[in-house]
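The figures here come from the full heavy-atom set of this structure, side chains too, leaving out hydrogens, waters and symmetry mates.
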Amino acid sequence: MKHKKLSLTLLAAVVVAGAAALWLFNTPDSPFDRVSSATSASSADLIQRGEYVARLSDCVACHSTAGSAPFSGGLAMATPVGKIYTTNITPDDDSGIGRYSLADFDRAVRHGVARDGHRLYPAMPFPSYQKLSDQDIAALYAFMMHGVKPASRSNTPSEIPWPLNMRWPLALWRAAFAAGEPWRENDEQNAAWNRGAYLVEGPGHCGSCHTPRGLAFNEKALDASSPDYLAGALLDGWYAPSLRNDANSGFSRWSEEDVVTFLKTGRNQHGVVFGSMTDAFNNSTQFMHDSDLRAIAHYLKSLPPGSNNAGPRWQYPTQTSQPQLSDHPGSQIYTARCSSCHGADGRGQAPWIPPLAGATSLQVDPASAINVVLNGSARVVSQGIPDAYRMPPYRKQLSDRQTADVLNFIRSAWGNQGEKTDAGAVKAMREKTDPASSEVIILQMR
């Protein structure tokens, strides 16, 4: 009797293990499973539409490096457990995706599963791309296969150590944090709102940087139904601010036109793109249709304050309310190093040199402010023309203590409400970052 019970227990365990294995290694279904690469459409119009989808999705910024063939991969991306490198997504048969069918491509982009069945790291923003429409997937595939030249470039293995580099647990990760469906319209909203929501939540994958992450490095929300969505997040040495209407950390003082101008030209009366947003502007947002930019702005300005909203609304102080800061240890550094561009009053020279008074990056986590003072800003390239003004790096001119002092001055002057930072935080940032390149870097799509 005991042997029979043991046998039944073992059988049950085998069945459960087998079912779990089938689930873990199951290839997701695709609406294109019956469409072969030979019969999938590839008209000139579809390829052109796919090129625009690639711009919306900013594929080139991650899958290209300066001086390399477009989409041939090799960009290093930091993760909490080690570096990974973006892959070759040109239509090369051996090192790229040349052997991918449309269904294979769909599974990689929307489900995070490669052609050979291995799971992709969520640095590939498939949690957002899963909202891409079938039409946009088909167009993107047509462009990648027929509008991009094959490039033979072997993929660089990740630097994540074993056993953390095992891929099968990513199936569980996706089931827990990214088991969604293609985007659907909200019947209670107008056409502009719906288009903006699709672009922001889907191809634009704005939440990948601007939404706070959980303990499993998952985005805490994937759409505006949660106050965490686009509420601001620290990622890879930069703090991506809230894209909601937060009083100090978000867009409350921006109009829809301000948002459009920022995405189209890289600057407006409130600020200039810097950090990771420079890549997004240089390679993606400036190429979007005006109607899409307006849809994005309309959607973002509809969002209420999010989970990181805090503090009274910023306003420039009057003379009587302005605290005396002349004795602050960072005051003289600011006067000597910063005031000639940003002004003694912190108002800058918009739209070319941004104001520091009221700047979102100065009210929140100090990471971005520390990073840009130490390392400067990359070149903003608008319509093929690099900007004439860029923030220079001060890592060689200012010590950790001096950098903290000048930032604490700026973050408390002109009504700014940023918390203090210290030399230790500056030192840590200095050790893990490098100066921004002063070269003009333009990544080509073709």
For [X] against [Y], the heavy-atom pair lying closest together:
{"X": "L75", "Y": "S64", "result": "CB-O, 4.3 Å"}
{"X": "A310", "Y": "N248", "result": "O-ND2, 3.4 Å"}
{"X": "L303", "Y": "N245", "result": "O-ND2, 2.7 Å"}
{"X": "A151", "Y": "A69", "result": "CB-CB, 3.6 Å"}

Would a distance-only check, ignoring hydrogens and angles, find a side-chain to backbone donor-acceptor pair under 3.5 Å from W314 to W414? yes
Strictly distance-based, threshold 3.5 Å: is any side-chain N or O of N408 a donor or acceptor partner for the main-chain N or O of T421? yes
Enter the distance from E219:CD to S128:OG here, rounded to the nearest 0.5 Å. 5.0 Å
Residues, nucleotides or ligands: over 12 heavy atoms within 6.0 Å of Q397 CD: yes
Results of salt bridge (Lys or Arg N to Asp or Glu O under 4.0 Å) for R107 - residues two or more places apart only: D33, D104
Carboxylate-amine/guanidinium proximity below 4.0 Å for R347 and D345: yes
Applying salt bridge (Lys or Arg N to Asp or Glu O under 4.0 Å), which residue pairs with at least one partner in residues 274-299 are found, sequence neighbours left out? R195-D292, E257-R294, K264-D290
Does NZ or CZ of R55 fall inside the cone over Y52's six-membered ring, less than 6.0 Å from its centre and within 45° of the axis? no
Taking the six-membered ring of Y121 (Phe, Tyr or Trp), confirm whether the NZ or CZ of R167 is under 6.0 Å from its centre and within 45° of its axis. yes
Is there a side-chain contact between [X] and [Y], using heavy atoms and a 4.5 Å cut-off?
{"X": "R430", "Y": "T403", "value": "yes"}
{"X": "L170", "Y": "P122", "value": "yes"}
{"X": "R267", "Y": "P354", "value": "no"}
{"X": "E419", "Y": "P366", "value": "no"}

Under the salt bridge (charged side-chain N to carboxylate O under 4.0 Å, His left out) rule, what do K131 and E201 come out as? Steps first, then yes or no, please. CA-CA 7 Å; K131 297 186 179 184; E201 297 174 8; 3.3 Å; yes
Checking side-chain contact (heavy atoms from CB on, under 4.5 Å) for the pair D387/V381: CA distance, chi angles, key distance, verdict? CA-CA 6 Å; D387 61 349; V381 184; over 6 Å; no
Looking only at side chains, do [X] and [Y] share a donor and an acceptor under 3.5 Å apart?
{"X": "D228", "Y": "S307", "answer": "yes"}
{"X": "H270", "Y": "D258", "answer": "yes"}
{"X": "N155", "Y": "T87", "answer": "no"}
{"X": "H298", "Y": "E256", "answer": "yes"}
{"X": "E159", "Y": "Y85", "answer": "yes"}
{"X": "D92", "Y": "S95", "answer": "yes"}
{"X": "S133", "Y": "W183", "answer": "no"}
{"X": "N375", "Y": "R395", "answer": "yes"}

Trace of the side chain to side chain donor-acceptor pair (under 3.5 Å) decision for N282 with T278: CA-CA 6 Å; N282 284 349; T278 306; 5.9 Å; no
Do F409 and H328 pass the ring pair (Phe, Tyr, Trp, His ring centres under 6.0 Å) test, and can you show the C-alpha distance, the side-chain angles, and the key distance before you say yes or no? CA-CA 7 Å; F409 168 76; H328 192 288; 5.7 Å; yes
Full working for side-chain contact (heavy atoms from CB on, under 4.5 Å) between R446 and K149: CA-CA 7 Å; R446 292 178 181 263; K149 290 183 178 180; over 6 Å; no
Run the side chain to side chain donor-acceptor pair (under 3.5 Å) check on Y198 and D136 step by step: do they pass? CA-CA 12 Å; Y198 173 73; D136 279 353; 2.6 Å; yes
Just distance, no hydrogens or angles: give the donor-acceptor pairs under 3.5 Å from side chains in residues 231-241, sequence neighbours left out.
none

